[in-house]
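Structure first, then comments.
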Amino acid sequence: LNTILSPDILEAAENNKIDVILHVHELEHMFRLLSESQIQRLIRYPGLIIANSNASKKILMKLGRQENIEICYPPVDTAAVIKDTTVRNAYRKKMGISQKSFVWTMCGTLDENKNPFLFIDIARQVISVYPDAVFLWIGNANDTAYEKTCKERAEEKGVAKNIRWINPVGKEYLHYFNTADGFVLTSKKESFSLVTVEALLLELPVVANDCEGVREIINDPLTGKIVPGENAVNMAKEMIAFMNGSAIFNPALAKESTKRFDIRVIEKEWNRLIQHYLTIH
């Protein structure tokens with residue numbers, strides 16, 4: 001079972017004495033959607049729980065699960081995420097962005113958890129020092145009213161001309177991502193962050209709000225910085241340090257650090273966990 005958000009399936013499995021392996025990739029704010037009895041069932045009943053990170057495992061342990069919890073990180077096809085200068089130049093031209101402008105990118109659905117308000121506030125801070133900096137949000141909005149609110153806020157903060165809101169289609173996602181010089185993660189909560197791994201593969205410095213799961217990806221100051229407290233001023237300072245060269249970034253180390261998340265590594269670990277569980281049961 002690939003999510004905690006199908007409690008009816010888990011209840012049916014218990015009622016019919018069907019063995020369950022539960023894959024968990026949610027943090028506290030998602031558990032609030034469940035009743036107390038549903039939470040107790042998901043903690044008690046599955047024979048094995050596979051968490052997608054230490055961050056999600058910690059929640060399960062806090063709720064009372066102490067045994068038969070394993071961690072298996074989400075996989076990335078690292079061979080498919082390639083830095084491409086030709087694409088970079090072409091898509092910057094398409095968006096009317098100067099090749100000299102420093103572009104900071106955030107990727108994700110336009111919603112409250114991904115925190116576009118923080119993105120806008122950071123843009124304001126950075127643009128006060130680098131007026132030609134560009135901020136690119138790659139991701140669609142499920143709520144058109146919220147999207148409108150975000151764009152209105154950008155207007156109010158005086159940064160609308162420096163922000164591009166992009167709803168990519170298919171392969172264009174990576175094409176737009178290739179236009180970036182740096183990646184800023186503004187999410188409030190993430191059990192993991194696949195887009196941060198992709199940013200490292202594209203050899204981009206990362207500045208991330210401390211959304212928990214990103215701690216398991218960014219573990220060297222030469223690849224990125226994690227800033228606590230949804231603090232636009234402090235995040236902007238770290239970003240400006242990468243922009244002016246006062247913070248050193250090692251692109252080769254960034255790319256190397258992603259190998260442990262490669263799909264060929266993760267699939268072996270996933271199969272090992274499943275086979276071990278099936279063998280002892």
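Just the heavy atoms: all of them, side chains too, but no hydrogens, waters or symmetry mates, feed the values below.
By the neighbour-count criterion of 12 heavy atoms within 6.0 Å, atom CD1 of I280 is densely surrounded, having more than that number from other residues, nucleotides or ligands. The neighbour count for E112 CD, taken as heavy atoms of other residues, nucleotides or ligands under 6.0 Å away, does not exceed 12.
No side-chain heavy atom of Y45 sits less than 4.5 Å from a side-chain heavy atom of L22. Looking at heavy atoms from C-beta onward, T149 lies in side-chain contact with F117 at the 4.5 angstrom threshold. For the pair M243/V129, no side-chain contact is recorded, criterion being any heavy-atom separation below 4.5 Å from C-beta on. For the pair K83/R88, no side-chain contact is recorded, criterion being any heavy-atom separation below 4.5 Å from C-beta on. Counting heavy atoms from C-beta on, the side chains of K58 and E212 come closer than 4.5 Å.
Although no hydrogens or angles enter the test, the distance criterion places no donor-acceptor pair under 3.5 Å between the side chain of T223 and the main chain of I218. Of the possible donor and acceptor atoms, none in the side chain of R164 sits under 3.5 Å from a partner among the backbone N and O of L136. No donor-acceptor pair under 3.5 Å is formed between the side chain of N140 and the backbone N or O of N167. Proximity of a side-chain donor or acceptor of R215 to a complementary backbone N or O of N54 within less than 3.5 Å is not detected.
The line from CD1 of I43 to CD1 of I69 is 7.0 Å long, rounded to the nearest 0.5 Å. If you take CG on D143 and OG1 on T109, they are separated by 12.0 Å, rounding to the nearest 0.5 Å. How far CG of D77 is from CD of E198: 10.5 Å, rounded to the nearest 0.5 Å. Atom OG in S98 sits 7.0 Å away from atom CG in D132 (nearest 0.5 Å).
Ion pair D111/K188 not flagged as a salt bridge, since none of the NZ, NE, NH1 or NH2 atoms sits closer than 4.0 Å to an Asp/Glu carboxylate oxygen. For E14 and R44, the salt-bridge test passes: some basic side-chain N is under 4.0 Å from an acidic carboxylate O. Salt bridge absent: K151 and E155 never bring a charged side-chain N and a carboxylate O closer than 4.0 Å. One finds a salt bridge joining K259 and E256 here, because a Lys/Arg side-chain nitrogen approaches an Asp/Glu carboxylate oxygen to under 4.0 Å.
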Practice problem: Report the C-alpha separation of Y91 and E172 in whole Å, then their side-chain angles, then the decisive distance to 0.1 Å, and conclude whether the side-chain hydrogen bond (donor to acceptor under 3.5 Å, both in side chains) test is met. | Solution: CA-CA 9 Å; Y91 271 73; E172 283 203 315; 2.8 Å; yes
Exercise. Could you walk me through whether K268 and D262 pass salt bridge (charged side-chain N to carboxylate O under 4.0 Å, His left out), step by step?
Key: CA-CA 10 Å; K268 290 178 182 177; D262 182 73; over 6 Å; no
Quiz item: Can you list the steps and then say if R153 with E156 is a salt bridge (charged side-chain N to carboxylate O under 4.0 Å, His left out)?
Solution: CA-CA 5 Å; R153 185 180 178 92; E156 291 168 4; 5.6 Å; no
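Taking the centre and axis of the six-membered ring of F242, the NZ or CZ atom of K225 falls inside the cone set by 45° and 6.0 Å.
Ring geometry for Y73 against F192 counts as tilted: the plane angle lies between 30° and 60°, on a 0 to 90° scale. The aromatic rings of F177 and F183 are tilted relative to each other, their planes meeting at an angle between 30° and 60°.
No close placement of the W137 and F135 rings is indicated, their centers lying 6.0 Å or farther apart.
S187 and E190 are linked by a side-chain donor-acceptor pair at a separation below 3.5 angstrom, with hydrogens and angles left out of the test.
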